[in-house]
Structures are given as C-alpha cells and as structure tokens.
Amino acid sequence: MRTSQYLLSTLKETPASAEVISHQLMLRAGLVRNVASGMYTWLPTGLKVLRKVENIVREEMERAGSLEVLMPMVQPADLWEESGRWEDYGPELLRLKDRHNRSFVLGPTHEEVITKLVSNEISSYKQLPLNMFQIQTKFRDEIRPRFGVMRGREFLMKDAYSFHLGADCLDKTYQAMFDAYCRIFDRLGLDYRPVIADTGSIGGDASHEFHVLADSGEDDIAFSDVSDFAANVEKAEALAPKGTRPEATQTLAEVSTPNVRTIDDVAAFFKVDAANTVKTLLVMGVASADNEAPVVALVVRGDHQLNEIKVENLAQVATPLTFATDEQILATVNCNAGSIGPVGLNIDVIVDRSAAHLADFICGANKNDVHFSGVNWDRDATNYSVEDIRNVVEGDPSPCGEGNIVIKRGIEVGHIFQLGEKYAQAMKCGVLTEAGKNQTLTMGCYGIGVSRIVAAAIEQNHDKYGIKWPEAIAPYQVAVVPMNMAKSARVKETAETLYEQLQAAGIEVIFDDRKERPGVMFADHELMGTPLLLVIGERNLDNQEIEVKNRITGEKSLLAISDVMSLFNS
RNA sequence: CGGUGAUUAGCGCAGCUUGGUAGCGCACUUGGUUUGGGUCCAAGGGGUCGCAAGUUCGAAUCUUGCAUCACCGACCA
C-alpha cells in the first residue's frame with residue numbers, strides 16, 4: 001500500500017473525549033472514528049487489525065472442531081419470550097418494531113437463535129456433540145459505554161455454543177474450548193490469565209474468564225503468588241484465618257464516642273487498626289409467607305469490604321441485595337447506621353470468617369454516639385452464624401492453599417460457561433437417546449470480545465511514540481520509508497524496487513511515498529506501530545545499505561539492500 | 001438511572017464575569033523555503049457559537065427547557 005493512496009488519518013493531538021491510552025492511540029493512529037456513543041467506524045488500518053484477530057480466532061475455533069455459522073443480528077422477540085429473557089434481560093436489550101409492528105431485538109448474544117436452530121435440525125443423539133460459532137456484531141445498550149471500543153455498545157464478538165447429551169460430554173468440549181482459548185491468546189501475543197469466574201446473569205455451573213492484564217482493566221483479579229490460581233475477586237473465597245481465635249483479655253466497656261461514625265473515625269478515636277474493629281451493615285432478608293421482609297445484620301472487619309455476590313447467595317438475604325433504609329435501621333436497632341454492633345442484636349446476624357476470628361474488638365453499641373471496646377464473641381455477642389461474605393484483599397491466604405493473594409487489574413476478553421439445560425429446556429431442545437427416549441440437551445457457551453482484544457492489545461503494548469503491535473496483529477509487517485525521495489532519484493528507485501519485491505513476496509508492506517519530511521513519516525509509522533521500518537536515504541546508499549529499525553526493541557542496524565528479503569524468511 | 005462537568009472551524013482551546021465586527025494553535029489549500037526526527041515565511045479557505053424558546057434596539061455571552069458527549073457509581077465480550 002502506498003500512503004499517497006491510503007487513508008492514513010493520523011492525528012497529532014489527542015481528542016479530549018479519549019480517556020484511556022488505547023482509545024487515544026486508536027484515534028490518533030487512525031484506527032477508528034466515533035459515530036455515536038459506543039459506536040465506531042473502523043478505518044482501513046483498524047479494520048486490518050480487527051480482521052487479523054478475527055482470523056486467529058476463526059482458525060483456532062475450527063481447529064478445535066467448532067463449525068462457523070452466521071446468525072442474524074436482528075432477532076424476533078418470540079424467541080426471547082420463549083427463553084424468558086424478554087422479561088429478564090432489561091433495558092440493555094435494544095427492542096425495535098418493524099413496519100408491521102412486530103417486535104424484534106438487536107442481538108446482544110445468540111443463545112435463543114442457536115438453540116432454536118439445533119432444536120429444529122437435530123433429532124438424534126448420533127448427531128451430537130455439536131459445537132458452532134460465529135463472528136458477528138453484537139449490540140448491547142450499555143448504561144455507560146466508555147474507553148472507546150473497549151466497552152462499546154456495538155462490538156464484534158466471537159460466540160460459540162455447544163450441545164451435549166450429558167455433563168461428561170460438555171466437560172470435554174469445555175476443556176477443548178479452554179485449550180483453544182489459550183492457543184488464541186498465545187498466538188495474539190498477549191499477557192493473559194484464565195480466571196475462575198462468577199457465572200453471572202447467564203446462569204450455569206462452571207465458568208472461566210480470560211483476562212488480559214493491564215492497569216486500565218475494569219476487573220480485579222486475585223492471584224496466588226505461588227500457584228497458577230487466579231479468580232475474579234468477586235468469586236475468590238476468603239478463607240478463615242488460621243488457628244483458633246485468640247482468648248479474650250479485656251472486659252466489655254461502653255465508651256462515649258460523640259461524632260464517631262465511620263470506621264476511620266473509630267480507628268482514630270480508639271487509636272487502633274481498622275482490623276480490630278467491625279462494621280455492621282443491615283440489609284433486607286427474605287420475606288416469609290406471613291411476614292414482611294426482616295432486617296439481617298452483616299458483620300465484617302473494619303478494613304474489609306462486603307462482597308455483594310457472596311451475600312446474595314446466602315439463603316437469609318433477599319436478592320437483589322438491598323440495604324436497609326435509615327428509618328428501618330432506626331426501627332430495628334434504635335440508633336443511626338454509624339453506631340450499630342452485633343452485641344445484643346435480636347435479628348439474624350451473619351459474621352464474616354475474619355470478623356469472627358477477632359478478640360477484644362471494637363464495635364457500635366446500638367446507641368447513638370456509643371461504642372463497645374473489648375468485645376468478644378460468644379461472651380458478649382451471641383446467636384450469630386459465620387460465612388464468607390467479604391472480598392479478598394492482598395495478602396490473604398490463597399483459596400488454593402498455596403501462597404498469598406495478589407490483586408491485579410484485568411480486561412475481560414473471553415468467557416466460557418457451562419450453561420446446562422437452561423435454554424434447551426425453555427426452548428424444548430432435545431434429541432432421542434439410544435434408548436429411544438427424549439432427552440433435553442446440555443449446553444456450553446464461549447465468547448471472545450474480538451474488538452475489545454484490539455484495545456486490550458494496545459493497552460499492553462505501547463510507548464510514548466504510539467502502538468507497538470504484537471507481530472501477529474500488526475496492520476502492516478513493514479514500512480518502507482524513503483528520505484527525501486523527491487530530490488533523490490536513486491532513493492526513489494531503491495524504495496520503489498524494494499516495495500515491489502516485498503509486495504511480490506506477499507509481505508504486507510506500506511510504502512510512505514508522501515512528500516513529507518522524515519520526522520513526519522517516522523512519527524506516523526511509530527504511532528501506527530508497524531513492527532519494522534526500512535529507512536532508505538542517500539547516507540547509506542553509497543554502501544548499498546539501508547537502515548532497519550525495529551519498533552518493538554528500538555534497535556537500528558544497517559543492512560545490505562540485497563539482504564532485505566532475508567528479514568522475512570521465517 | 002443517580003451524581004459531576006462539557007458543547008464555539010476537522011482536532012485542541014480562548015472569548016461569556018461586564019451583551020455591540022467570532023478568535024488562537026494544529027490540520028487543510030497555494031507559493032516559496034527546508035530535507036535522517038512533527039522546518040520556517042507568506043497568502044488563503046472553512047463557523048446558522050448543540051437545539052428551541054424567552055429577555056433586549058442588539059445574545060456565543062443573560063434566563064428557561066431540551067438534546068448530545070464525557071467523567072464517577074450499579075452491568076458485561
């Protein structure tokens with residue numbers, strides 16, 4: 001490609017709307033342009049990268065035995081009513097009507113369509129297992145699109161769905177997909193981790209997320225500093241502290257604490273670490289048949305955070321998690337939120353494992369402006385149950401039993417689920433077994449955010465000059481950059497010849513034939529991240545040499561013109 | 001959806017307090033200059049100041065409403 005015939009569209013200045021580095025660089029390097037909130041046009045350079053990611057994903061999915069299909073982006077509402085998600089999905093599902101006033105949705109995912117397809121096409125166990133994927137535009141009406149294509153409303157996704165007669169068969173495909181995902185991210189040249197995940201709203205049993213590690217990531221991942229263990233912080237189990245609880249050494253004391261409300265206040269007032277205090281949160285419990293919903297107390301150590309997912313999974317607590325209002329708090333404990341404590345509470349009290357391990361701690365006294373010190377479980381506070389209800393923090397023992405927890409940020413680029421029978425059951429998708437009986441199928445589903453990967457790759461591979469593409473997804477492998485070609489006939493001739501040779505060899509080459517100053521050309525190619533620059537100038541032509549510059553390492557070297565093709569022999 | 005802020009040339013911004021000819025830098029066009037790291041000089045083109053209503057002789061500027069965009073929280077590839 002010649003730059004003179006290309007849409008380079010590089011920007012010197014950073015558009016103000018771009019927050020994260022990948023978004024800034026994608027705009028500056030001319031990869032994408034914003035059309036509306038969360039919707040982007042892919043320019044030629046960006047599309048080349050997107051297609052490369054797509055092709056790696058496609059190749060590895062096919063290698064793993066998945067069959068490519070293409071389903072419509074617009075789907076009839078009937079299907080969604082059948083699965084129950086017309087009700088469940090909420091406003092993220094963009095609904096529309098056609099000219100006949102029939103309802104449709106813009107597909108945020110394709111479980112309904114594929115399950116319907118399989119239910120129509122497959123009737124015998126002999127046709128199973130079956131695994132199909134597509135690479136297609138999805139639309140989710142995100143509450144808050146941000147970070148460019150990282151969280152767009154319209155985005156390119158690879159989604160795969162597998163169908164099985166039983167859990168064993170699903171396990172095998174799940175493992176095959178897990179392995180395929182590892183190969184995909186290996187080939188893309190990304191630093192990633194598979195992590196144990198919450199199954200979220202899609203529901204189901206086993207689930208792993210694949211995260212690209214980057215400080216700008218939106219998810220917290222908990223790792224073991226020793227083993228391979230990695231889990232989403234929401235999912236990571238917080239183990240009980242080792243050993244038995246220390247003995248009580250202090251007596252219970254009531255202390256007047258005017259204007260001491262927050263944990264920080266309490267710790268400062270008593271001159272203790274927040275870890276020696278507990279906070280007590282009141283949330284709504286599950287209503288029984290004849291009663292209104294009761295209030296339930298949750299107790300965590302002052303330095304810990306409540307994990308809402310873990311709490312919602314408790315039988316006593318209402319879903320979704322709802323905090324008690326100030327009026328309900330007053331009615332229940334007769335004090336303000338800042339002075340609640342577990343001593344003498346006559347409601348359900350659920351204590352986190354770490355909080356339950358404390359002795360001689362400090363908590364609210366259920367009287368305004370009063371706290372207890374020297375509190376001890378069983379002696380002072382009784383009738384409670386102990387559960388894991390907090391987020392893990394750095395330094396906690398790893399749930400795998402080896403090492404301690406380290407927390408890093410990740411960008412979720414892939415997610416695999418074992419769905420179970422949820423959709424197959426709702427949409428009556430079954431086959432006749434060997435015994436001639438109808439059996440509902442078990443499903444798995446496997447997603448990869450293709451457009452998000454492009455942004456994630458940049459987050460992980462850039463410097464102050466611009467993008468440093470991993471070789472596998474660079475839009476061009478090499479740039480031919482002639483110095484002052486307009487004035488030097490032999491520079492021009494050498495550059496043209498090299499360009500033709502490289503093209504003839506099937507190498508993706510961009511030839512900067514603009515009448516620009518060298519600095520402009522260098523800046524543009526470094527911004528766009530082309531891995532290799534061939535610089536042709538009068539300076540080295542006397543020796544029949546050109547300069548080769550490696551974008552990733554920054555190394556420069558001289559090379560005989562006759563040896564240029566040897567750069568690409570691999 | 002809640003909280004915050006923004007909207008003036010393709011991009012980045014000033015002007016608004018105190019109403020009176022719409023400006024700067026980058027980009028773009030033309031000519032010259034320069035040519036191994038975003039040259040320099042000169043001349044030019046480009047704006048219903050987000051939309052609507054109101055106040056006023058007169059509104060980018062004041063008032064009200066709406067829209068859009070972005071940031072902080074709850075959702076997800």
Side-chain angles (χ1 to χ4, degrees), chain A residues 8-20 23-24 27-28 30 33-39 53 57 89-93 108-110 135-160 181 197-202 207 209-212 217-219 232 234 308-309 320-323 410-417 445-456 465-466 481-488 491 515-527 533 535-541 546-547 549 556:
Chain A
L8 218 46
S9 282
T10 52
L11 301 171
K12 208 185 266 192
E13 284 173 301
T14 304
S17 58
E19 187 71 8
V20 295
H23 189 200
Q24 292 173 0
L27 293 170
R28 289 226 294 133
R33 287 292 180 263
N34 181 257
V35 175
S37 177
M39 289 147 71
V53 175
V57 172
Y89 214 94
E92 210 171 285
L93 182 64
T109 173
H110 283 70
I135 297 175
Q136 216 241 21
T137 301
K138 296 279 188 281
F139 193 96
R140 293 182 190 171
D141 201 354
E142 290 277 347
I143 293 168
R144 183 139 92 88
R146 62 183 140 175
F147 302 157
V149 301
M150 197 114 99
R151 179 183 293 279
R153 291 196 291 175
E154 191 180 294
F155 58 99
L156 193 65
M157 178 171 165
K158 186 283 298 175
D159 49 325
Y181 273 41
D198 189 74
T199 46
S201 58
I202 299 183
S207 175
E209 289 170 357
F210 286 76
H211 282 261
V212 166
E218 296 184 85
D219 294 291
N232 199 304
E234 295 167 347
E308 300 195 5
I309 291 175
L321 183 68
T322 317
F323 285 91
I411 301 166
E412 185 186 354
V413 290
H415 200 161
I416 58 179
F417 284 90
C445 91
Y446 319 93
I448 287 185
V450 177
S451 42
R452 180 179 280 182
I453 282 174
V454 177
Y465 301 110
V481 186
M483 298 292 97
N484 202 18
M485 184 169 80
K487 287 277 172 65
S488 166
V491 167
K515 193 177 174 231
E516 281 290 356
R517 297 173 53 81
V520 174
M521 294 184 181
F522 288 136
D524 275 346
H525 292 290
E526 278 158 10
L527 180 59
L533 255 57
V535 184
I536 298 149
E538 279 289 336
R539 199 189 274 178
N540 299 313
L541 277 187
I546 60 165
E547 185 184 299
K549 184 166 179 186
K556 296 182 200 173

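The basis for the numbers below is simple: all heavy atoms, side chains too, and nothing from hydrogens, waters or symmetry mates. Labels below follow one simple rule: chain letters A, B, ... track the order of the sequence lines, proteins then strands, and each chain is numbered from 1.
- For B:rA53 and B:rC72, the P atoms lie 36 Å apart once the distance is rounded to whole Å.
- Looking at A:Asn540, its side chain comes within 3.5 Å of the base of B:rG36 through a donor and an acceptor atom.
- Side-chain nitrogen and oxygen atoms of A:Arg146 include at least one within less than 4.0 Å of the OP1 or OP2 phosphate oxygen of B:rC72.
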Open item on the list: Before you tell me yes or no, could you show the steps for A:Val413 and A:Ile448 under side-chain contact (heavy atoms from CB on, under 4.5 Å), namely the whole-Å CA-CA distance, both residues' side-chain angles and the distance that decides it to 0.1 Å?
Closed with: CA-CA 6 Å; A:Val413 290; A:Ile448 287 185; 5.7 Å; no
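- B:rU64 and B:rA27 have their P atoms separated by 41 Å, given to the nearest Å.
- Contact of A:Arg151 with B:rC76 (side chain to base): a donor-acceptor pair of N or O atoms is detected under 3.5 Å.
- In the set B:rG12, B:rC75, B:rA27, the nucleotide with an atom closest to the side chain of A:Lys12 is B:rA27.
- Base pairing of B:rG37 is not made with any nucleotide, judged by Watson-Crick or G-U wobble geometry with both donor-acceptor distances under 3.5 Å.
- The shortest side-chain heavy-atom distance between A:Val57 and A:Tyr181 does not fall under the 4.5 Å cut-off.
- Between the base of B:rG36 and the side chain of A:Glu538 there is no donor-acceptor pair shorter than 3.5 Å.
- Distances from the side chain of A:Arg517 to the nucleotides B:rU39, B:rG38, B:rG12 place B:rU39 closest.
- A donor-acceptor pair shorter than 3.5 Å cannot be found between the side chains of A:Gln136 and A:Asp159.
- Side-chain to base pairing of A:Lys549 with B:rG36: no donor and acceptor N or O lie closer than 3.5 Å to each other.
- Rounded to whole Å, atom P of B:rC75 lies 11 Å from atom CG of A:Asp219.
- Across all strands shown, B:rA27 has no partner, as no Watson-Crick or G-U wobble contact with both distances under 3.5 Å is found.
- B:rU7 takes the anti form, because its glycosidic angle lies more than 90° either side of 0.
- Remark: A:Glu538 does not engage A:Lys487 in a salt bridge, criterion side-chain N to carboxylate O under 4.0 Å.
- Remark: B:rA60 base-pairs with no nucleotide in the shown strands. Criterion, Watson-Crick or G-U wobble with two distances under 3.5 Å.
- Residue order along RNA chain B, read from the 5' end via each residue's closest nucleotide, puts A:Glu308 first among A:Glu308 and A:Ser451.
- With respect to A:Glu142 and A:Arg151, a salt bridge is recorded, a charged nitrogen being found less than 4.0 Å from a carboxylate O.
- If you take atom C1' in B:rG32 and the same atom in B:rC49, they sit 36 Å apart, rounded to whole Å.
- Between the CD atom of A:Glu412 and the P atom of B:rC75 there is a distance of 13 Å, given to the nearest Å.
- Taking a pair to require two hydrogen-bonding distances under 3.5 Å in either a Watson-Crick or a G-U wobble arrangement, B:rU7 pairs with B:rA67.
- When both pairing distances are held under 3.5 Å, B:rC16 makes no Watson-Crick or G-U pair with any nucleotide shown.
- Among the nucleotides B:rA70, B:rC71, B:rA77, the one closest to any side-chain atom of A:Arg140 is B:rA77.
- Take the nearest nucleotide of RNA chain B for A:Glu19 and for A:Val149: the residue whose nucleotide is more 5' is A:Glu19.
- Taking atom P in both B:rU7 and B:rC62, one finds a spacing of 12 Å when rounded to whole Å.
- Put simply, A:Thr14 has no side-chain N or O that comes within less than 4.0 Å of OP1 or OP2 on B:rG12.
- At most 12 heavy atoms of other shown residues, nucleotides or ligands fall within 6.0 angstrom of atom OH in A:Tyr465.
- When the P atom is compared between B:rA14 and B:rG54, the two are found 30 Å apart, to the nearest whole Å.
- Across all strands shown, B:rU48 remains unpaired; no Watson-Crick or G-U wobble contact has both distances below 3.5 Å.
- The residue A:Lys158 sits apart from the nucleic acid: no heavy atom pair falls under 4.0 Å.
- Both distances falling under 3.5 Å, in either a Watson-Crick or a G-U wobble arrangement, place B:rC1 opposite B:rG73.
- Contact of A:Glu526 with B:rG37 (side chain to base): a donor-acceptor pair of N or O atoms is detected under 3.5 Å.
- Pairing for B:rU55 is absent, judged as Watson-Crick or G-U wobble with the two contacts each under 3.5 Å.
- A:Asn232 places its CG atom 11 Å from the P atom of B:rA77, with the value rounded to the nearest Å.
- Nucleotides B:rA59 and B:rA52 have their C1' atoms positioned 14 Å apart, rounded to a whole Å.
- For A:Phe139 and B:rC76, the CZ to P distance is 17 Å, given to the nearest whole Å.
- Within 4.0 Å of A:Asp141, counting heavy atoms only, lies no atom of the nucleic acid at all.
- Between A:Met157 and A:Val450, the closest side-chain pair of non-hydrogen atoms is not below 4.5 Å.
- Counting to the nearest Å, the P atom of B:rA70 and the CD atom of A:Gln24 are 14 Å from each other.
- Distance, A:Tyr89 OH to B:rA77 C1': 10 Å, rounded to whole Å.
- Taking atom C1' in both B:rC28 and B:rC51, one finds a spacing of 29 Å when rounded to whole Å.
- Among the heavy atoms of the strands lying under 4.0 Å from A:Ile448 are primed sugar atoms or P, OP1, OP2 only; no base atom is included.
- Residue A:Asp524 is classed as a base contact, given a heavy-atom separation below 4.0 Å to a base.
- Using a 4.0 Å heavy-atom criterion, one finds that A:Met157 contacts the sugar-phosphate atoms exclusively.
- Rounded to a whole Å, the CZ atom of A:Phe147 is 7 Å from the P atom of B:rC71.
- Residue-level contact check: A:Val535 touches the bases, meaning some heavy atom is under 4.0 Å from a base atom.
- At least one side-chain heavy atom of A:Phe210 sits less than 4.5 Å from a side-chain heavy atom of A:Ile416.
- Of all nucleotides listed (B:rA70, B:rG38, B:rA77), B:rA70 comes nearest to the side chain of A:Ser17.
- Taking the charged nitrogens against the carboxylate oxygens, A:Glu13 and A:Arg28 have no contact shorter than 4.0 Å, which rules out a salt bridge.
- Among the atoms of the strands shown, only primed sugar atoms or phosphate atoms (P, OP1, OP2) are found under 4.0 Å from some heavy atom of A:Val413.
- Only the P atoms considered, B:rA42 is 42 Å distant from B:rG5, to the nearest whole Å.
- Within the nucleic acid shown, A:Gly148 has no heavy atom closer than 4.0 Å to any nucleic acid atom.
- As rounded to whole Å, 9 Å separates atom P of B:rG31 from atom NZ of A:Lys515.
- Within the 4.0 angstrom heavy-atom criterion, only backbone atoms of the sugar-phosphate kind lie near A:Ala16; the bases stay farther away.
- By the criterion of a centre-to-centre distance under 5.5 Å and near-parallel planes under 30°, the ring of A:Phe155 forms a stack with the base of B:rA77.
- Using a 4.0 Å heavy-atom criterion, one finds that A:Gly537 contacts the bases of the nucleic acid, with or without backbone contacts as well.
- The side chain of A:Phe417 approaches B:rA77 more closely than any other nucleotide in the set B:rA77, B:rC75, B:rG36.
- Among B:rG25, B:rC71, B:rG38, the nucleotide with an atom closest to any side-chain atom of A:Glu13 is B:rG25.
- Here the side chains of A:Met483 and A:Phe522 are in contact, with some heavy-atom distance below 4.5 Å.
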